[in-house]
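As structure tokens, the structure follows; a few thoughts come after it.
Just so we're on the same page: letters track the sequence lines, and every chain starts at 1.
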There are 2 protein chains.
Amino acid sequence: MSTHAAIAAHANRAVPGYLVSALAMTPTAGMGAAVQPRNPADPLASLGHSKVHERETTLFSEGDAAGSVFRVLSGMVRLYKMLPDGRRQIIGFLQAGDMMGLAFASQYLYTAETVTATTIQRIPRLELDALMDAQPAFARKLLSATTSELIAAQDQMVLLGRKSAAEKVATFLLRLSDRKGGERTIDLPMGRSDIADHLGLTTETVSRTLTKLKSTRLIRILVGGKLDLLDRDALADLAGGF
Amino acid sequence: MSTHAAIAAHANRAVPGYLVSALAMTPTAGMGAAVQPRNPADPLASLGHSKVHERETTLFSEGDAAGSVFRVLSGMVRLYKMLPDGRRQIIGFLQAGDMMGLAFASQYLYTAETVTATTIQRIPRLELDALMDAQPAFARKLLSATTSELIAAQDQMVLLGRKSAAEKVATFLLRLSDRKGGERTIDLPMGRSDIADHLGLTTETVSRTLTKLKSTRLIRILVGGKLDLLDRDALADLAGGF
DNA sequence: CGGCTGATTGATGACCGTCAATGAAGGTGG
DNA sequence: CCACCTTCATTGACGGTCATCAATCAGCCG
């Protein structure tokens, strides 16, 4: 059941799912690097077409018919699911190189919205299937990427199920830093409520926790949604193990 | 980042991961059905070898060198991750048909233990790789199964991040029932602390919540770790949307 | 029957959510 | 270019949910 329910379990679902998962075609992508449009080493480069979306735009919604796969070339996207009464859980934030829409069902399983202005490559499923047939190695790459997603999802379960507010925020900041190759200065383009809905907290608690980290000199909050990690070791202690 | 962190992010991890994911080779498996050892429609049937493990046995631990993939043929297994101070998050419970160890890294990412006496098929990675090469369709099946896992993991994030104790327990019970094809009577072979560590609660809260469900006639607790869902609709309301 | 493990129930309080007010920031129009 | 307005972040007061600590209670096995 739950996390490790088998296919059999999902066959009972009322709403067929269309997974939105992430895949990096650029394993060495550094800080804030955008995916290059015509990279010969990128098997996806010539597929579909790209478009720039403004900030706070919906790309697709939970339940929409799913015909395409998407890749983020630059910017940031949030994926979330909502409960009927409006409570929201942000599944993840996507950055350059991440993909969404890799499942095998007829509907999208959650909603995707841009956080910042974002360049998105839209690839029709048929084209992706053709590529998988033509290049078996590519199918493995997809499997490997999905697997990485799953690992990240499991870490997030530990965070949501067993960490305190302070541990959650510290972990989140360290993850952002890691994603940028361990940079001391990180971007926080999303709002407090996005962070809260990702960590299973409220905006007030996120704000209070950041204030506390600020007053204990572990971080410094800069203008323009940027943030400095002043004491990585102390933050790692606070995070209580990834 | 986090759930949708790309490969790039994971490349920074201190401990390489070895995913343990579930895969059902028997999409129509009914209630409590065990996987048949010599099913001709099962491409895995002839691989590796099977062994019965007693209840409460460790199959492998987080950090162990990973050389094999496992499939549960009968019984139940729990997968969990632990924080340094001992807090535990149970990632999922595996039943007949589920697989673990499908990732591409050198170490297991978490610990697997039997809950009940369990028959486990152990398949060396090399054999699985050979099968993937020989049967491209099998590789796709693996991808599809991993994808289903990811979907389940995302549902679990919603549960852990946004649901109340009552909603968590109700959801958990309904999932167990769904997994058995919607049976009214379900098995709870795991202890209260296992349930608690899966739902992000304590044993006391799980116990109190079950007592409340019992006194409001939504469930009935039977001997031998069994449980009756007396009012599925009311439970579904309580669950607050899957 | 006695001892052990796990479940239940109770009392208490901490953490964090809720409600509310203030403050800061960014965008638009005069 | 500044003033206004809207949106979001911050801070405060309070209360509820659930964790913690602790004491039975029930079931199981020798």
Taking atom [atom2] of [N] as reference, at what distance in whole Å does atom [atom1] of [X] sit?
X	N	atom1	atom2	result
A:L188	D:dC8	CG	P	16 Å
A:K226	C:dA25	NZ	P	17 Å
A:R192	D:dT11	CZ	P	10 Å
B:M190	C:dG6	CE	P	15 Å
B:I221	D:dA26	CD1	P	14 Å
A:D194	D:dT7	CG	P	16 Å
B:R87	D:dT20	CZ	C1'	14 Å
A:R55	C:dG27	CZ	C1'	11 Å

Q | Partner set under side-chain contact (heavy atoms from CB on, under 4.5 Å) for B:T202, not counting sequence neighbours | A |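 Partners of B:T202 under the side-chain contact (heavy atoms from CB on, under 4.5 Å) test: B:E204, B:T205.
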Q. Quick one: side-chain contact (heavy atoms from CB on, under 4.5 Å) partners of B:T116, sequence neighbours excluded?
A.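 With sequence neighbours excluded, B:T116 shows a side-chain contact (heavy atoms from CB on, under 4.5 Å) to B:M76, B:T118, B:P189, given in chain and number order.
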With [X] via side chain to side chain donor-acceptor pair (under 3.5 Å) - residues at least two apart:
X	answer
A:D85	A:R87
A:T111	none
A:T216	none

Q | Of residues 201-220 of chain B, the positions that come close to DNA chain C - non-hydrogen atoms, cut-off under 4.0 Å | A |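 Those residues are B:E204, B:S207, B:R208, B:T211.
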The criterion is salt bridge (charged side-chain N to carboxylate O under 4.0 Å, His left out); which residues satisfy it with [X], sequence neighbours excluded?
X	answer
B:D237	none
A:R55	none
B:K163	none

Q: Using heavy atoms and a sub-4.0 Å distance, could you list which residues of residues 158-167 of chain B are near DNA chain D? By number, please.
A: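 Within residues 158-167 of chain B, the residues near DNA chain D are B:S164, B:A165.
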Q: Enumerate the residue pairs fulfilling salt bridge (charged side-chain N to carboxylate O under 4.0 Å, His left out) with a member in residues 186-200 of chain B, sequence neighbours excluded, ordered by first and then second residue.
A: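 Residue pairs with at least one partner in residues 186-200 of chain B: A:R162-B:D197, B:R78-B:D194, B:R88-B:D194, B:R88-B:D197, B:K180-B:D187, B:D187-B:K226.
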Q) So what is the end-to-end bend of the helix from C:dC1-D:dG30 to C:dG30-D:dC1, with 5 pairs used at each end and the value given to 10 degrees? A)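 Answer rounded to 10°: the end axes differ by 40°.
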Q) Considering only heavy atoms from C-beta outward, does the side chain of B:Q89 approach that of A:Q154 to under 4.5 Å? A)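 Not in contact.
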Q: Using a 4.5 Å cut-off on heavy atoms from C-beta on, say whether the side chain of A:V158 contacts that of B:M82.
A: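 Not touching, per the 4.5 Å side-chain cut-off.
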Q.
Does A:G200 reach a base, just sugar-phosphate, or nothing at all? Heavy atoms under 4.0 Å.
A.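 Answer is sugar-phosphate: A:G200 comes under 4.0 Å of backbone atoms only.
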